[in-house]
**Student:** 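Quick one: the structure is below, questions incoming.
Letters A, B, ... mirror the listed sequences (proteins, then strands); counts begin at 1. Since the structure is predicted, the reported quantities are computational estimates derived from the model, not experimental observations. The basis for the numbers below is simple: all heavy atoms, side chains too, and nothing from hydrogens, waters or symmetry mates.
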Amino acid sequence: MDFEPSDDRRVLADTLTRFLAAEYPIAHRNAVAYAAPYHDPDKWARLSDLGLLYALAPEAQGGMGGAGFDIATVFQPLGAALCPEPVLAALLSARLLVAAGHDLDPLLSGRTRYAAAIGEIDAPYDPAEITCAAQGGATGWTLHGRKSVVYGGGTADRLLVAARASEAVGLFEVASEAVEITAYGMIDGGGAAEVFLDATPAALLLPDAEATLHDALDHGALALCAEAVGAMDTAQALLLDHLRTRQQFGQPIGSFQALQHRMVDLTIEIEQARSITILAASRMGAEQQSRTVSMAKSHIGRTAKLVAEELIQLHGGIGMTWEHPAAHYAKRLVMIDHQLGDTDFHLQRVMAGYRGA
Amino acid sequence: MDFEPSDDRRVLADTLTRFLAAEYPIAHRNAVAYAAPYHDPDKWARLSDLGLLYALAPEAQGGMGGAGFDIATVFQPLGAALCPEPVLAALLSARLLVAAGHDLDPLLSGRTRYAAAIGEIDAPYDPAEITCAAQGGATGWTLHGRKSVVYGGGTADRLLVAARASEAVGLFEVASEAVEITAYGMIDGGGAAEVFLDATPAALLLPDAEATLHDALDHGALALCAEAVGAMDTAQALLLDHLRTRQQFGQPIGSFQALQHRMVDLTIEIEQARSITILAASRMGAEQQSRTVSMAKSHIGRTAKLVAEELIQLHGGIGMTWEHPAAHYAKRLVMIDHQLGDTDFHLQRVMAGYRGA
Amino acid sequence: MDLSYSPEDRAFQDEIRAFLAEALPARLSDKVRTGAELTKADMEAWHAILNAKGWLATTWPKEFGGPGWTPVQRHIFEEECCRAFAPRVVPFGLNMLGPVLMRFGTPAQQQAYLPRILSGADWWCQGYSEPGAGSDLASLRTRAIRDGDTYVVNGQKTWTTLGQHANRIFCLVRTSTEGKPQQGISFLLIDLAAPGIEMRPIRLIEGGHEVNEVFFTDVRVPITNRVGAENEGWTIAKFLLGHERTNIAGVGFAVQAFEQLRAFARRPRGNGRRLIDDLLFAARLSEIEIELEAMKITNLRLLVAAQQTGAPGPESSMLKIKGTQIRQALNDLARRALGPAAAPFPLEALEGNAALVPLDQAANAARYFNSRKLSIFGGSNEIQRNILAKAKLGL
Amino acid sequence: MDLSYSPEDRAFQDEIRAFLAEALPARLSDKVRTGAELTKADMEAWHAILNAKGWLATTWPKEFGGPGWTPVQRHIFEEECCRAFAPRVVPFGLNMLGPVLMRFGTPAQQQAYLPRILSGADWWCQGYSEPGAGSDLASLRTRAIRDGDTYVVNGQKTWTTLGQHANRIFCLVRTSTEGKPQQGISFLLIDLAAPGIEMRPIRLIEGGHEVNEVFFTDVRVPITNRVGAENEGWTIAKFLLGHERTNIAGVGFAVQAFEQLRAFARRPRGNGRRLIDDLLFAARLSEIEIELEAMKITNLRLLVAAQQTGAPGPESSMLKIKGTQIRQALNDLARRALGPAAAPFPLEALEGNAALVPLDQAANAARYFNSRKLSIFGGSNEIQRNILAKAKLGL
């Protein structure tokens with residue numbers, strides 16, 4: 001039993017942490033995260049050159065990782081620095097392309113940007129509810145419908161689209177130029193898009209993709225958990241610094257017992273969130289993958305919100321201001337619950353495990 | 001708009017409070033509440049002589065009250081003193097007898113003790129799930145099955161039994177001598193019983209009693225809410241006294257901010273519980289009766305448990321001991337959630353209100 | 001015990017409803033309903049409509065131009081305004097400075113300022129908090145030094161709500177450093193046009209501009225603009241804190257938010273299903289509804305008690321704490337109700353064909369983040385707990 | 001990162017399982033499963049079985065008769081014991097006094113007492129808390145005054161767990177009133193047969209007798225029974241508090257309780273329905289399961305860290321807080337799962353034909369009330385938060 005990262009992963013985490021600290025100070029992060037294209041294309045290229053994306057795919061498919069702990073190793077530093085780059089889109093796409101037996105190098109090298117267009121307005125989290133339609137014809141497949149809040153959809157070259165053909169949900173690839181895309185920023189930074197499919201020509205990658213979609217979403221959820229753990233660590237550090245230095249009533253506010261006890265409770269919740277994320281990472285590819293990831297995402301949804309709310313509350317007014325990093329960490333921590341299944345969605349997946357014998 | 005009790009009710013509350021303070025000091029209360037017959041028959045007679053039970057029935061049926069605020073006026077002092085007398089059994093029975101057009105005086109005078117045998121092991125809260133059977137024959141009705149945790153069942157003269165005859169659930173009356181009864185005490189004091197019906201001869205009071213049963217249970221739930229408010233008030237007073245007098249680290253523990261803030265939060269919850277109980281009392285007999293009572297009982301279930309747990313925790317070890325009143329208030333406050341529907345049962349009744357248009 | 005309104009109160013309620021149905025412009029209530037930002041002109045327009053009816057200064061006695069309502073009537077008025085999605089009245093002149101002037105001001109000050117508050121000639125803002133004096137307000141450091149007939153003011157104020165629209169500010173300033181920090185504070189009325197004042201916007205977490213910083217550099221204020229005695233401003237500060245907490249529970253706003261959320265959750269989605277049929281969502285909504293129903297009664301109980309004793313006690317801190325918790329819980333659930341569709345940044349909200357959610361829900365995430373201020377501004381919930389522990393529980 | 005046990009650990013686990021399958025009497029595990037009270041003889045019997053195998057003093061090094069296990073091995077052992085419903089080892093001699101004697105005792109003390117702990121000849125209990133010294137242990141007032149070669153002890157101890165079975169007690173006593181309260185404390189070993197000692201039962205909330213008060217009146221204790229230097233007993237108290245917190249998270253007990261509750265909830269009732277299909281119940285159970293799964297990892301992380309650094313840090317206070325919260329939440333839900341059937345008083349529990357619920361659930365309400373002690377005894381959760389705020393967060 002060993003809770004230390006391997007040497008390779010430690011090097012990757014250190015490299016990434018140093019790069020992000022140098023290249024995404026909070027002022028720059030905010031400048032790029034809240035204005036189109038909602039990330040920094042230049043630094044995205046440099047991140048790719050670091051080999052970041054290769055850590056997201058298995059060696060057999062040309063990557064250099066792809067295990068649960070590799071994903072956590074990448075996303076935790078991204079969260080700690082609030083990095084707005086569309087790495088989640090790349091991860092989801094990589095999992096889909098692996099399943100489709102597709103060449104991954106264009107994605108992993110950063111040359112071609114992919115986004116996974118899965119969710120819809122009325123099917124936000126569960127692929128089984130997808131209604132976008134795929135129609136086969138003499139000249140190939142066409143897609144019809146709308147995909148909503150596609151992460152990284154505004155800057156992608158290629159879209160991987162889940163659409164229903166007769167009974168099964170299939171996976172298709174389309175070129176971004178072939179669809180109408182409305183790109184926008186998100187309240188916590190970063191970009192997403194609405195994708196309008198109107199008899200859009202598409203290439204079929206997988207005829208029956210539901211299991212593959214679930215697997216990709218599991219991996220995405222794990223990534224978001226790790227990202228949240230990173231962001232919670234920074235939030236905790238900001239908060240401790242504030243409690244130690246902010247003076248009111250002639251003493252640092254961290255000397256007030258009521259605040260001390262809340263800070264302790266917060267710390268315990270963060271450690272629990274870290275633990276359940278470690279457990280989920282360890283179960284990727286194993287039998288309990290989906291249920292364990294759901295445990296983690298449900299826990300994180302609740303804990304990250306608590307951390308965000310206490311981060312603001314204990315900072316007082318200053319934590320409500322755009323100028324202060326706390327506000328941006330709080331937004332990201334809350335909005336992670338809106339991505340790939342919120343705390344109650346995942347709780348219900350955990351509960352479903354009781355139904356069997 | 002007026003939140004003061006009427007003069008009649010104020011007199012009743014004062015009389016009752018004085019009687020209970022004089023007759024049920026905690027040592028006596030514990031002596032009678034935890035040993036068969038789990039109440040004090042002598043004082044029960046004197047309570048009846050005070051006219052207590054008449055407050056539970058409308059004037060038209062020979063009572064002197066019966067409104068929501070009358071019930072609250074009776075049960076709040078009972079809760080404040082942890083009185084173990086089977087007044088709840090009398091209230092439930094009175095509501096049933098009123099609906100059946102039965103003579104109430106034997107009950108209201110205290111001469112005849114009734115208990116309502118409604119719940120079953122697998123139908124603990126909802127009359128719609130009752131499986132006890134009533135069979136009609138040449139010589140009248142017989143009842144078959146088992147009723148569980150019948151409050152006051154061990155000391156009742158007559159039992160009002162809900163049982164299913166073909167489609168509808170009917171209300172029947174049986175003499176206690178005619179059934180097998182296993183009486184026992186409850187962990188928070190007071191008595192209940194298992195009632196075994198084995199071709200027990202019974203008199204039919206109401207052929208279709210489901211609405212009547214719901215109404216009686218609503219009134220019982222309101223009574224339990226008021227009882228809890230009374231018990232929470234005493235709990236709060238015990239706790240404040242402890243915080244002001246218990247010294248640790250050279251100061252009263254009530255000077256520690258973390259405990260102060262918890263005590264404030266507790267106080268707010270108690271006031272909210274009082275408010276929702278007032279609202280429920282005001283809606284008895286009105287359109288929203290059931291949903292509002294369920295709001296109150298759901299709130300009380302959660303709040304009373306919180307008060308009980310903080311009552312013990314902030315007392316420290318002494319609050320864990322049989323010797324200290326806190327332990328007995330805590331038990332009653334928690335176990336109220338096990339009577340006539342717990343916090344989640346009633347939450348689901350509140351939720352059911354959303355289903356309509 | 002009687003929880004219903006008296007026949008007089010019900011008639012009063014009918015009168016309010018009729019007035020709102022006729023006088024409240026749809027263009028204003030639409031903005032409130034959808035969470036759109038109200039302009040200065042919008043707020044002034046609504047003030048003028050209320051003032052024409054004599055219902056603007058609801059807390060003022062008749063001799064100063066108020067309607068002379070009881071607390072219960074004021075409550076009914078506020079409830080109906082919320083139900084109709086009327087804009088909120090800007091409280092700084094009407095509910096804060098007004099009562100201070102009536103109680104502590106000279107007749108000259110009352111005559112000079114009170115009518116201008118009603119007419120809209122003056123828009124007041126508040127200069128209390130400073131960067132180093134938040135919860136610990138008495139540690140404020142903005143100095144006012146006497147120079148003949150004027151004070152010379154230097155320092156900085158912050159969290160000045162809607163200061164960008166104001167022409168005047170009332171300030172707590174330090175006029176002495178002797179004795180306890182509370183002892184050397186005075187209450188000044190300052191013209192924002194005076195030389196040496198700079199107001200800078202503070203952008204809040206969700207991107208909006210509603211509060212400001214105010215910088216004072218050698219600003220000259222006539223001593224006749226001081227309210228009350230020199231060094232006795234803390235009395236006024238406490239008066240304001242303890243006295244004028246109209247609608248501190250925010251019940252009307254909570255009811256508004258609850259009704260909007262329930263209506264949204266009942267709307268069938270594209271697949272015919274409704275959010276309200278998700279059991280966990282319904283459970284969370286029910287829990288809040290129960291708290292809200294209890295809060296309505298708690299609020300009325302304290303209101304009626306205040307009506308009898310003449311002044312709200314420390315119990316109003318309970319209303320602040322629970323009231324903000326309920327409103328924040330509603331905003332939280334409303335945000336969560338949108339799922340991924342909560343994410344688009346409101347400044348670039350999607351509209352028309354690309355709209356993701358109904359317009360009145362589109363700003364839910366921004367509303368949630370903005371509402372975190374409720375438990376901080378106006379005396380944080382932690383400070384309210386300190387007050388209650390001491391003043392109500394005797395700890 | 002590798003969360004699985006090493007092949008050696010797995011072999012060790014198999015060995016433990018095989019041993020328990022063979023050596024643990026069903027009459028004992030049945031009692032543990034149903035929450036029945038274990039007699040003194042039951043506990044002694046289980047100790048003897050473990051001692052015969054050399055697995056009784058799991059925290060002791062080999063030279064004193066322990067198995068020399070690593071923390072991970074101890075964890076596996078405890079996990080398997082819980083899974084098998086083995087009785088809990090009585091910790092006062094084995095896990096508390098034993099390590100103290102090894103670290104602070106004289107060779108004579110070690111030789112005199114350690115073997116008797118293993119053999120069961122001595123049953124130790126703990127004399128720490130006093131009525132006036134709970135969270136503030138250093139304020140203890142039980143006096144020990146030197147009289148030649150003996151101390152004369154007067155005072156009162158309380159919360160002495162299982163003292164009714166003990167023949168010896170280790171006590172913190174005041175030997176000086178000079179200096180800070182912590183400075184005048186000494187650690188004494190006292191024979192309960194000595195004249196002047198009276199032990200009285202304390203009945204707990206649910207009716208059970210597991211703790212006691214101990215009164216000392218002119219009790220004479222040889223000075224050779226002092227462990228460590230005079231007035232330096234606080235060092236030992238802190239050592240005990242910080243050092244020996246084996247299984248403080250109580251994960252094994254929580255797993256046991258969770259499995260029992262889930263099994264009960266899955267059992268079809270008379271009407272064919274199952275509690276687990278009640279969505280709100282399932283949601284509450286899931287939330288606890290998630291916390292428990294996280295706790296298992298948190299516990300292991302700290303265990304492995306302690307294995308590397310040699311000592312648990314203040315983080316073990318986190319295990320205490322969260323561990324007790326989880327166990328209490330499980331006991332809470334298990335009680336609620338019974339509905340009205342939770343009410344019958346366990347001392348008169350219904351059995352046979354009149355039984356309301358399965359025997360292993362009948363004591364759920366009593367278990368819930370008894371488990372409220374978890375967050376109070378052994379350093380209340382409030383004290384743990386104080387420790388963490390200072391030692392871990394630097395506040």
**Student:** Heavy-atom cut-off 4.5 Å, strictly under: side chain, backbone, both or neither for D/Phe377 against chain B?
**Tutor:**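 The side chain, not the backbone.
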**Student:** With a 4.5 angstrom heavy-atom cut-off, could you sort out which part of B/Phe345 is near chain D: side chain, backbone, both or neither?
**Tutor:** neither
**Student:** Check for a donor-acceptor pair, side chain of B/Arg146 on one end and backbone N or O of D/Ala354 on the other, with a separation under 3.5 Å.
**Tutor:** yes
**Student:** Identify which part of B/Ile253 has an atom lying under 4.5 Å from any heavy atom of chain D, answering side chain, backbone, both or neither.
**Tutor:**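 Neither part.
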**Student:** Show, in sequence, the C-alpha distance, side-chain angles and deciding distance for B/Met320 and D/Ile202, and conclude whether the side-chain contact (heavy atoms from CB on, under 4.5 Å) test is met.
**Tutor:** CA-CA 10 Å; B/Met320 282 293 299; D/Ile202 296 175; over 6 Å; no
**Student:** Using non-hydrogen atoms and a 4.5 Å limit, figure out which bit of B/Glu194 sits close to chain D: side chain, backbone, both or neither.
**Tutor:** side chain
**Student:** Taking side chain as everything from C-beta outward and backbone as N, CA, C, O, which of these in D/Arg284 sits under 4.5 Å from a heavy atom of chain B? Side chain, backbone, both or neither.
**Tutor:** side chain
**Student:** Need one label for B/Leu347: side chain, backbone, both or neither, based on atoms under 4.5 Å from any heavy atom in chain D.
**Tutor:** side chain
**Student:** Does any N or O in the side chain of B/Glu323 come within less than 3.5 Å of the main-chain N or O of D/Leu204, such that one atom is a donor and the other an acceptor?
**Tutor:**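 Such a contact is absent between B/Glu323 side chain and D/Leu204 backbone.
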**Student:** Residue by residue, scan residues 121-133 of chain B and write down, ordered by number, those that have a heavy-atom distance under 4.5 Å to chain D; if none do, write 'none'.
**Tutor:**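 Interface residues of residues 121-133 of chain B: B/Ile121, B/Asp122, B/Pro124, B/Tyr125, B/Glu129.
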**Student:** Relative to chain D, which segment of B/Thr182 carries a heavy atom at a distance below 4.5 Å: side chain, backbone, both, or neither?
**Tutor:**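 For B/Thr182, side-chain heavy atoms alone lie under 4.5 Å from chain D.
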**Student:** Only one of B/Ile312, B/Leu311, B/Val334 passes side-chain contact (heavy atoms from CB on, under 4.5 Å) with D/Arg372; say which it is.
**Tutor:** B/Ile312
**Student:** Checking D/Arg335 against chain B: side chain, backbone, both or neither under 4.5 Å from a heavy atom?
**Tutor:** both
**Student:** Tell me, for D/Leu275 versus chain B, whether the close heavy atoms (under 4.5 Å) come from the side chain, the backbone, both or neither.
**Tutor:** neither
**Student:** Looking only at heavy atoms, which two atoms of D/Trp159 and B/Ile318 are closest? And how far apart?
**Tutor:** CZ2-N, 3.4 Å
**Student:** Quick one: what part of B/Asp342 sits under 4.5 Å from any heavy atom of chain D, side chain, backbone, both or neither?
**Tutor:**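 Just the side chain, heavy atoms under 4.5 Å.
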**Student:** Listed by chain and number, what are the side chain to side chain donor-acceptor pair (under 3.5 Å) partners of D/Ser380, not counting sequence neighbours?
**Tutor:** D/Glu382
